[in-house]
A.B. asks: 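Could you have a look at this structure, given as C-alpha cells, before my questions?
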Protein chains: 2
Amino acid sequence: MTNSQPTPAPTDAERRLALLWDPPQPSGRGRKARLTLDEVVDAGTAVVHEAGLDGLSMRKVAAHLGVGAMTLYTYVPGRTELVDLMVDRAFAELDLPRAEQPWRTAMTRYAHEHRGLYLRHPWILQTNMWRLPLAPHVLDAEEAGLRILVAAGLPATQVVEVIGLVDTYVRGVARATVAEQSEGSESGLSNDDYWDSMSTFWTTYFDAERYPTMTRVWEAGGFDAGHASFDATLDRLLDGIELAIDRAAA
Amino acid sequence: MTNSQPTPAPTDAERRLALLWDPPQPSGRGRKARLTLDEVVDAGTAVVHEAGLDGLSMRKVAAHLGVGAMTLYTYVPGRTELVDLMVDRAFAELDLPRAEQPWRTAMTRYAHEHRGLYLRHPWILQTNMWRLPLAPHVLDAEEAGLRILVAAGLPATQVVEVIGLVDTYVRGVARATVAEQSEGSESGLSNDDYWDSMSTFWTTYFDAERYPTMTRVWEAGGFDAGHASFDATLDRLLDGIELAIDRAAA
DNA sequence: ACCATTCCGGTACAACGTACGAGAGGTGGG
DNA sequence: CCCACCTCTCGTACGTTGTACCGGAATGGT
C-alpha cells in the first residue's frame with residue numbers, strides 16, 4: 001500500500017537502516033532542533049536502566065528530556081528504531097580484541113567483553129528480536145569474532161557457527177547471572193515475599209520422588225557453584241574449538 | 001503492603017505456583033463453569049500460533065472461546081500466568097530420553113527434542129522471562145537432562161552448568177533458525193520488501209573495508225551452510241563434555 | 001517580506017491488562 | 001420449596017501504551 005510512486009519512496013526498513021548507518025545530517029533549513037539524536041538515545045538508555053525494557057515508553061523518554069512525547073518522532077521513526085539505536089550504542093562500548101594475539105587469548109577477551117556488556121545492559125537480552133539489529137557496532141563485534149577464528153585457521157564454513165556458539169554461550173550465562181541477581185525484584189515482588197513463596201514451593205509442591213536427580217544434585221551443592229565457573233566452561237568450549245581447528249589443519 | 005493478616009493470604013507468587021502444580025478442583029458449589037483451564041490454555045496456544053506472543057491478548061483468547069474478556073480471569077490470574085501455563089503445556093510435549101541409553105545417545109535425543117519444541121513453539125523464545133517458569137514439565141525436562149549427565153559420571157558440581165550449556169546452545173540454534181524462516185514476515189513487512197531493503201543495505205551501506213573478514217567468509221559461503229550442521233556442532237559440544245567426564249573419572 | 005521547510009507537541013484513537021461490581025446460574029440447609 | 005450463599009460471567013471503565021494527524025512556531029534562502 002502507498003508504495004506506487006515513481007520516485008522510490010524509502011521503505012520502513014530503509015529508513016531504519018539509514019538512521020543506523022547515516023549521520024542525521026542537520027540540513028540547514030527550517031527550525032533548529034532542540035535535541036540531538038544522541039541525546040534521545042542517551043535518554044532512552046537512561047530510562048531503560050531504571051525501568052527495564054518494558055518500562056521504556058516514548059512518553060517517559062520524552063519526559064526525561066523535558067519535551068513532548070511526539071517530539072521524539074522527529075528524531076526516530078518509532079520505538080523499535082530507538083531500541084535498535086540503543087543496542088548499537090551499547091555495542092559501541094565493546095573493547096574488541098585485535099587478532100594479533102593468540103586466538104585463545106583473543107577469544108577469551110571477546111567473551112569477557114560481551115559478558116560485561118550484557119551485565120551492564122541486561123535489557124539487551126530482553127529485546128525480543130530474533131537477531132540483533134543490523135547495526136554498525138554490532139557488525140564490528142561479529143567481524144572481530146570472525147577474524148579471530150579465521151586467523152586461528154578455522155575454515156570459513158565453520159567460522160560462523162562457532163562464533164554463534166560462543167555468543168550463545170555468553171548470552172546464556174549472562175542471562176542466568178541476571179536472573180539470579182534480580183530474582184523477585186521484578187513485578188513489584190519484594191525479595192522477602194519471593195523467597196517465602198520459594199520455600200513454600202520447595203516444602204509444598206516439590207516432589208523429591210519425581211525429581212530424584214535434581215534433589216541429589218541440589219544436596220551435593222550443584223546449584224550453588226553456578227557462575228564462578230564462567231571461565232572454566234569457556235575453556236572447555238575453546239578446547240572443542242581447538243579440536244576443530246586442529247582437525248581442519250590436518 | 002496489605003500483608004498483615006493473621007490468616008496468611010495467598011501471595012501472588014503462591015497463586016501462580018498453585019495453578020501450575022494443583023488441579024483446579026471444581027469445588028461443587030456455585031455456578032457451573034463453562035470452560036476448563038485446559039480449554040483456556042489451548043485457546044491461548046492457538047492464538048499465539050497465529051499472532052505470536054505480542055499478539056496474544058486476553059481479548060483475543062476470550063474471543064477465540066466465544067466468551068467475554070473478563071471471564072478468563074476466573075481461570076487465570078492474569079496474562080503472565082496464562083503464558084506460564086502455556087509454557088508448561090508445551091514442555092509436556094517433550095518425549096524425554098530415559099537414562100538407560102548411552103549418555104551421548106540420550107543427550108543427542110534431549111537436544112533434538114528441545115530443538116523440535118522450540119521450532120514448533122517459537123513464541124517460547126519470545127517469553128522475556130529470565131528463566132523458564134517453575135512448572136512441572138519444565139522441571140521434568142531439567143530432571144531428565146541432569147539424570148543423563150549424572151548417569152554418565154559427571155560430578156554434581158558441573159552437571160548444572162553443562163546442562164545449561166546444552167540448553168543454551170539449542171535455544172541459540174533454534175532462535176537462529178526461526179529468524180531465518182520468518183525474516184521479514186514480522187511487523188507487516190512483505191518478504192519482497194525485506195529482501196529489497198536487504199540488497200539496498202549490502203550495496204549502499206555495507207563497507208567491505210570495514211568488514212573484510214565478513215566479506216571473505218561470505219564469499220566462501222560461510223553464511224550459507226548454517227543449520228544443517230546442528231548435529232556436527234552438537235557433537236563438538238558433546239566432545240567437550242566427554243572430556244570433562246573422563247577428567248572427572250581419573 | 002515572503003515562503004518553503006523543518007521542528008514542536010496537543011489532541012485523539014485503537015489496543016492493551018485488568019479492577020470493580022452487578023447480574024446470572026448453581027448448591028445446600030431449613 | 002425456598003432462600004441464602006457461592007461461583008462464574010462479563011459490561012463498563014481506568015490507566016497506559018504506540019503513534020497518526022495537524023496546526024502552529026521557528027528558521028534560512030530568496
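In what follows, chains are A, B, ... by sequence order, proteins preceding strands, each numbered from 1. Nothing here was measured: the structure is a model prediction, and the numbers come from that model.
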A.B. asks: I need the CE-C1' distance between B/Met58 and D/dG11, as an integer number of Å.
C.D. replies: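 The distance from CE of B/Met58 to C1' of D/dG11 comes to 16 Å, rounded to the nearest Å.
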A.B. asks: Would you please confirm or rule out a distance under 4.0 Å between OP1 or OP2 of C/dA15 and any side-chain N or O of B/Ser57?
C.D. replies: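 No, B/Ser57 has no side-chain N/O under 4.0 Å of OP1/OP2 on C/dA15.
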A.B. asks: Mapping B/Lys32 and B/Met70 to their closest nucleotides on DNA chain C, which lands nearer the 5' end?
C.D. replies: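 It is B/Met70 whose nearest nucleotide is closer to the 5' end.
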A.B. asks: Would you kindly give the CZ-to-C1' distance between A/Arg79 and C/dC16, to the nearest whole Å?
C.D. replies: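 Rounding to the nearest Å, CZ of A/Arg79 and C1' of C/dC16 are 14 Å apart.
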A.B. asks: Heavy atoms only, 4.0 Å cut-off, all strands: where does B/Leu56 land among base, sugar-phosphate and nothing?
C.D. replies: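 Sugar-phosphate contact only.
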A.B. asks: Round to a whole Å and report the spacing from CG of B/Leu35 to P of D/dT7.
C.D. replies: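 Value for this atom pair: 18 Å.
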A.B. asks: Among side-chain atoms of B/Tyr75 and B/Asp38, is any donor-acceptor pair under 3.5 angstrom?
C.D. replies: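 Side-chain D/A pair, B/Tyr75 to B/Asp38: absent.
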A.B. asks: May I ask you to verify if any side-chain N or O of A/Tyr75 is less than 4.0 angstrom from the OP1 or OP2 atom of C/dC8?
C.D. replies: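 So the side chain of A/Tyr75 is within the cut-off, an N or O lying under 4.0 Å from OP1 or OP2 of C/dC8.
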A.B. asks: With heavy atoms under 4.0 Å as the rule, sort A/Gly30 into base, sugar-phosphate or nothing.
C.D. replies: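 Answer is base: heavy atoms of A/Gly30 come under 4.0 Å of a base.
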A.B. asks: Decide side chain to side chain contact (heavy atoms under 4.5 Å, CB included) for B/Arg210 and A/Leu139; before the verdict, give the C-alpha distance in whole Å, the side-chain angles of both, and the deciding distance to 0.1 Å.
C.D. replies: CA-CA 9 Å; B/Arg210 181 170 181 177; A/Leu139 288 195; over 6 Å; no
A.B. asks: Where does the angle between the aromatic ring planes of A/Trp218 and A/Phe223 fall among parallel (under 30°), tilted (30 to 60°) and perpendicular (over 60°)?
C.D. replies: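 Rings of A/Trp218 and A/Phe223: tilted, 30 to 60°.
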A.B. asks: Check the distance between D/dT7's P and B/Arg31's CZ and give it to me in whole angstrom.
C.D. replies: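 Computing the B/Arg31:CZ to D/dT7:P distance gives 14 Å.
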A.B. asks: Would you mind telling me which of C/dC8, C/dT18, D/dT7 lies closest to the side-chain atoms of B/Tyr73?
C.D. replies: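 Closest of the options to the side chain of B/Tyr73: C/dT18.
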A.B. asks: Under 3.5 Å, is there a donor-acceptor pair between the B/His137 and B/Glu93 side chains?
C.D. replies: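 There is no such pair between these side chains.
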A.B. asks: Please determine whether a side-chain nitrogen or oxygen atom of B/Arg34 lies at a distance below 4.0 Å from atom OP1 or OP2 of C/dG25.
C.D. replies: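 Checking C/dG25 against B/Arg34, no side-chain N or O comes under 4.0 Å of OP1 or OP2.
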A.B. asks: Starting from P on C/dC16, measure out to CG on A/Asp54 and report it in whole angstrom.
C.D. replies: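 In whole Å, C/dC16 P and A/Asp54 CG are 17 Å from each other.
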A.B. asks: Where the side chain of B/Arg59 is concerned, which of C/dG23, D/dC10, D/dA13 is the nearest nucleotide?
C.D. replies: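 Of all the options, the side chain of B/Arg59 is nearest to D/dA13.
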A.B. asks: Report the residue (B/Leu72 or B/Arg29) whose heavy-atom-nearest nucleotide on DNA chain D is the more 5′ of the two.
C.D. replies: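 First, find each residue's nearest nucleotide; the 5'-ward one identifies B/Arg29.
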A.B. asks: Rounded to the nearest Å, what distance is computed from the NZ atom of residue A/Lys60 to the P atom of nucleotide D/dG15?
C.D. replies: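 Taking NZ of A/Lys60 and P of D/dG15, I get 16 Å after rounding.
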A.B. asks: Donor-acceptor check, side chain of B/Glu143 to backbone of A/Thr213, threshold 3.5 angstrom: yes or no?
C.D. replies: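 Pair found, side chain donor or acceptor close to backbone of A/Thr213.
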A.B. asks: Mind calculating the distance between CG (A/Leu82) and P (D/dT19) to the nearest angstrom?
C.D. replies: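 Checked: the CG to P distance equals 10 Å.
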A.B. asks: Remember a base hit wins even if backbone is also touched, and classify A/Thr71 as base, sugar-phosphate or nothing at under 4.0 Å, heavy atoms.
C.D. replies: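 It contacts base atoms.
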